[in-house]
Number of protein chains: 2
Amino acid sequence: MSTATTSLPSEITSADLVAKTIREKILEGELEPGRRLQQDHLSDMLGVSRTPLRTALAMIAQEGLIDYEANRGYRVRAFSISEVRDAFAVRAQLEGFACRCAASRKVSEVTIAKFDALVTEGDRLLSGGTLDPSLLPAYRRMNVQFHQLIISLAGNSWIESFVRQTHNVPLVSDRIILWDDYDIIYRSHDDHHRIAKAIAQGEGIRAENLMIEHVIFAGKLLAEKLEMDPQGVLMSHGRTSNHSPKSHKNG
Amino acid sequence: MSTATTSLPSEITSADLVAKTIREKILEGELEPGRRLQQDHLSDMLGVSRTPLRTALAMIAQEGLIDYEANRGYRVRAFSISEVRDAFAVRAQLEGFACRCAASRKVSEVTIAKFDALVTEGDRLLSGGTLDPSLLPAYRRMNVQFHQLIISLAGNSWIESFVRQTHNVPLVSDRIILWDDYDIIYRSHDDHHRIAKAIAQGEGIRAENLMIEHVIFAGKLLAEKLEMDPQGVLMSHGRTSNHSPKSHKNG
DNA sequence: CCCCAGGAAATTGGATCCAAAATTGCCAAT
DNA sequence: ATTGGCAATTTTGGATCCAATTTCCTGGGG
């Protein structure tokens with residue numbers, strides 16, 4: 001239940017742990033784009049030697065989160081706004097395709113029950129007529145699970161892999177929901193209702209179209225925000241844990 | 001011109017060279033699925049120490065070509081037929097989307113010239129009314145360039161990355177053309193004609209549909225062959241270098 | 001005042017060394 | 001004869017060491 005869909009604790013190596021940590025730091029924005037990843041520095045930062053660190057860096061570079069230049073080390077990759085837009089465009093196609101695949105299969109009762117649970121959970125969280133910020137993590141989880149359920153229903157591991165990669169961009173992750181506007185989030189959850197029902201009833205094309213719009217709109221919203229305030233988006237995704245309050249050095 | 005679209009010789013590290021070599025060996029089938037990749041063995045096989053080798057293995061594992069288990073090493077990943085099918089399905093969607101993106105942009109004269117050159121080259125290679133096996137490498141190159149041109153025209157680096165990953169499956173690479181049937185290859189090249197023209201004229205949806213069928217059909221053909229003769233496909237993509245002629249153990 | 005050259009310091013890539021885990025083989029016991 | 005367990009060997013993962021490249025700083029020349 002609680003275990004993720006991907007890979008269970010097969011990673012006991014410190015290289016994997018280090019990779020996970022660094023990935024997290026980059027996606028959270030703690031390591032900002034362009035920043036050099038000094039091996040000596042990082043290795044004693046994380047309490048390991050350079051060997052597992054280098055393995056981790058090689059993996060993360062392969063994922064595309066950091067850039068590598070021979071003899072010049074790694075640095076956090078900077079994504080342009082247009083690359084973010086492109087990521088959403090492709091993700092929309094892929095998740096739309098996933099809907100179509102999912103709908104073309106026989107949907108079991110338990111699947112329908114899962115959809116129902118997720119959609120109902122969303123209803124509950126939004127029932128107040130406004131989204132309490134404290135409920136945002138819960139909504140986020142529900143959202144992630146909803147999208148993952150569809151992808152898993154499609155039964156095509158490539159989709160899963162590629163969609164996950166589109167999340168491998170700072171600020172683009174599903175975990176980030178920056179809809180301060182209740183109407184927008186309400187509408188988005190209404191999409192969930194329709195998509196779930198469409199898939200359950202075998203309406204593949206309709207589910208696909210809904211999903212494409214669902215994702216593209218979220219992308220447009222984010223791109224818009226990014227253009228207005230390239231830094232500020234980070235703030236709105238929780239994690240007010242910026243220990244030093246002097247973070248707003250807009251001088 | 002001749003330099004690839006991706007990354008130019010920024011890889012001077014032996015880890016990159018080793019990775020390229022191993023990748024090649026896997027895709028060529030020299031390292032068969034399930035085979036363990038013993039580090040000591042491989043490292044002196046390739047004339048490097050284990051350090052760059054391990055880096056290379058970590059990268060290739062990240063790409064999905066090999067599996068990894070902590071403390072138990074790497075082994076060549078085995079792809080099921082259905083995974084191969086899935087790869088083609090996703091690739092079809094992605095390349096179809098690339099066509100749509102490409103068509104939605106202004107196509108320059110030089111682009112049209114490039115299309116023309118490629119398509120004409122194909123015509124020339126097929127002009128004999130039968131495909132001389134010696135011309136197959138040339139046709140393969142043309143085919144790869146045609147698909148890459150469209151993807152680059154789409155201007156979405158994610159598509160490029162993901163499509164490349166779908167090629168990262170033994171037997172699925174664009175380099176492999178197993179159409180012994182002249183009619184089929186002729187029809188396939190006719191698709192090229194239509195797709196190029198459709199993109200040039202801004203007929204995005206039509207180009208998309210053509211491309212989807214173009215890719216899916218190739219996938220069906222391969223899947224069919226794989227089901228009939230899981231091993232034999234390797235033979236038909238050149239590289240008759242199987243030193244021992246006792247390879248046809250169909251008894 | 002700026003720019004280029006040269007050398008020192010820092011940093012990366014590769015090789016080697018060591019510990020921990022897994023695999024293998026052997027022997028005994030049922 | 002088969003199975004279970006114990007020990008030796010193999011193999012992997014991590015740490016350290018060394019060479020090579022890069023970066024940075026300084027000083028001299030234009």
Side-chain angles (χ1 to χ4, degrees), chain A residues 6-26 30-78, chain B residues 6-26 30-78:
Chain A
T6 53
S7 59
L8 55 158
S10 60
E11 1 152 300
I12 320 290
T13 64
S14 59
D16 283 313
L17 290 179
V18 166
K20 185 170 293 190
T21 304
I22 295 177
R23 233 178 258 129
E24 210 52 40
K25 283 186 191 297
I26 294 174
E30 189 176 331
L31 292 171
E32 68 275 19
R35 168 118 153 219
R36 278 200 60 195
L37 296 174
Q38 218 152 291
Q39 296 180 1
D40 263 326
H41 194 242
L42 267 181
S43 64
D44 66 28
M45 194 95 160
L46 300 170
V48 295
S49 87
R50 280 177 53 216
T51 307
L53 171 67
R54 280 166 61 185
T55 304
L57 289 175
M59 293 194 302
I60 299 175
Q62 201 63 36
E63 293 169 10
L65 262 180
I66 60 182
D67 287 327
Y68 172 71
E69 247 180 314
N71 294 318
R72 299 184 59 184
Y74 300 86
R75 46 181 70 238
V76 179
R77 175 167 170 193
Chain B
T6 53
S7 59
L8 55 158
S10 60
E11 1 152 298
I12 319 290
T13 65
S14 59
D16 284 311
L17 291 178
V18 166
K20 185 170 292 188
T21 305
I22 296 177
R23 231 178 261 130
E24 211 51 40
K25 282 184 192 300
I26 294 174
E30 187 176 332
L31 293 171
E32 69 275 19
R35 168 121 154 216
R36 278 199 58 194
L37 296 173
Q38 218 152 294
Q39 297 180 2
D40 262 325
H41 193 245
L42 267 181
S43 63
D44 66 28
M45 194 96 160
L46 301 170
V48 295
S49 90
R50 277 177 56 217
T51 306
L53 170 68
R54 280 167 61 186
T55 305
L57 290 175
M59 293 194 303
I60 298 174
Q62 200 62 37
E63 292 169 12
L65 262 180
I66 61 182
D67 287 327
Y68 172 71
E69 246 179 314
N71 294 316
R72 299 184 63 185
Y74 300 86
R75 46 180 72 239
V76 178
R77 176 167 170 193

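To find a chain, count down the sequence lines: A is the first, B the second, and so on, and within it residues start at 1.
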Completion exercise
With the side chain defined as heavy atoms from C-beta on, B:Tyr68 is closest, among C:dG14, D:dG13, C:dT12, to D:dG13

Problem - Non-hydrogen atoms of B:Ala70 and A:Ile12 that approach each other most closely - result: CB-N, 4.1 Å

Handout entry: Check: B:Leu53 and B:Ile22 side chains under 4.5 Å, non-hydrogen atoms
Key = yes

Practice task
Would you state whether a donor and an acceptor, one from the side chain of A:Arg50 and one from the base of C:dG13, lie under 3.5 Å apart?
Solution key: yes

Problem - side-chain N/O A:Ser49 vs D:dA15 OP1/OP2, d < 4.0 Å - result: yes

Exercise for the section: Evaluate salt bridge (charged side-chain N to carboxylate O under 4.0 Å, His left out) for A:Glu63 paired with A:Arg23, printing each intermediate quantity in order. Expected result: CA-CA 10 Å; A:Glu63 293 169 10; A:Arg23 233 178 258 129; 2.8 Å; yes

Exercise for the section: Ignoring hydrogens and angles, answer whether the base of D:dG14 and the side-chain atoms of B:Arg54 contain a donor-acceptor pair closer than 3.5 Å. Expected result: yes

Handout entry: Between P of D:dG13 and CE of A:Met59, the distance in whole Å
Key = 11 Å

Completion exercise
Whole-Å distance, A:Leu57 CG to C:dG14 P, equals 14 Å

Practice task
Indicate yes or no: at least one non-hydrogen side-chain atom of B:Leu57 is less than 4.5 angstrom from one of B:Gln39.
Solution key: yes

Exercise for the section: Using only side-chain N and O atoms of A:Gln38, determine if any of them is under 4.0 Å from OP1 or OP2 of C:dT11. Expected result: yes

Practice task
Respond yes when some side-chain nitrogen or oxygen of A:Arg72 is under 4.0 Å from OP1 or OP2 of D:dT23, and no when none is.
Solution key: yes

Problem - Residue-phosphate contact under 4.0 Å: A:Ser14 side-chain N/O, D:dG14 OP1/OP2 - result: yes

Practice task
For A:Thr55, report the nucleic acid contact type (base, sugar-phosphate, nothing); a contact means any heavy atom under 4.0 Å.
Solution key: nothing

Handout entry: Closest non-hydrogen atom pair between B:Asp16 and B:Thr13, with its separation
Key = OD2-OG1, 2.7 Å

Exercise for the section: Please report, rounded to the nearest Å, how far the C1' atom of D:dT16 is from the CG atom of A:Asp44. Expected result: 15 Å

Practice task
Give one of base, sugar-phosphate or nothing for A:Leu37, where a contact means two heavy atoms less than 4.0 Å apart.
Solution key: sugar-phosphate

Exercise for the section: Round to a whole Å and report the spacing from CD of B:Gln39 to P of C:dA21. Expected result: 16 Å

Exercise for the section: Send over the distance from A:Leu53 CG to C:dG14 P, rounded to a whole Å. Expected result: 15 Å

Problem - Side chain of A:Arg36 - closest among C:dT12, D:dT11, C:dT23 - result: C:dT12

Practice task
To the nearest Å, give me how far apart CG (B:Leu42) and P (D:dG13) are.
Solution key: 13 Å

Problem - Rounded distance in Å - OH (B:Tyr74) to P (C:dA22) - result: 16 Å

Practice task
Could you say whether A:Asn71 or A:Gly47 is positioned toward the 5' end of DNA chain D, judged by the nucleotide with the nearest heavy atom to each?
Solution key: A:Gly47

Practice task
Would you mind reading off the distance between B:Glu69 atom CD and C:dT23 atom C1', rounded to a whole angstrom?
Solution key: 13 Å

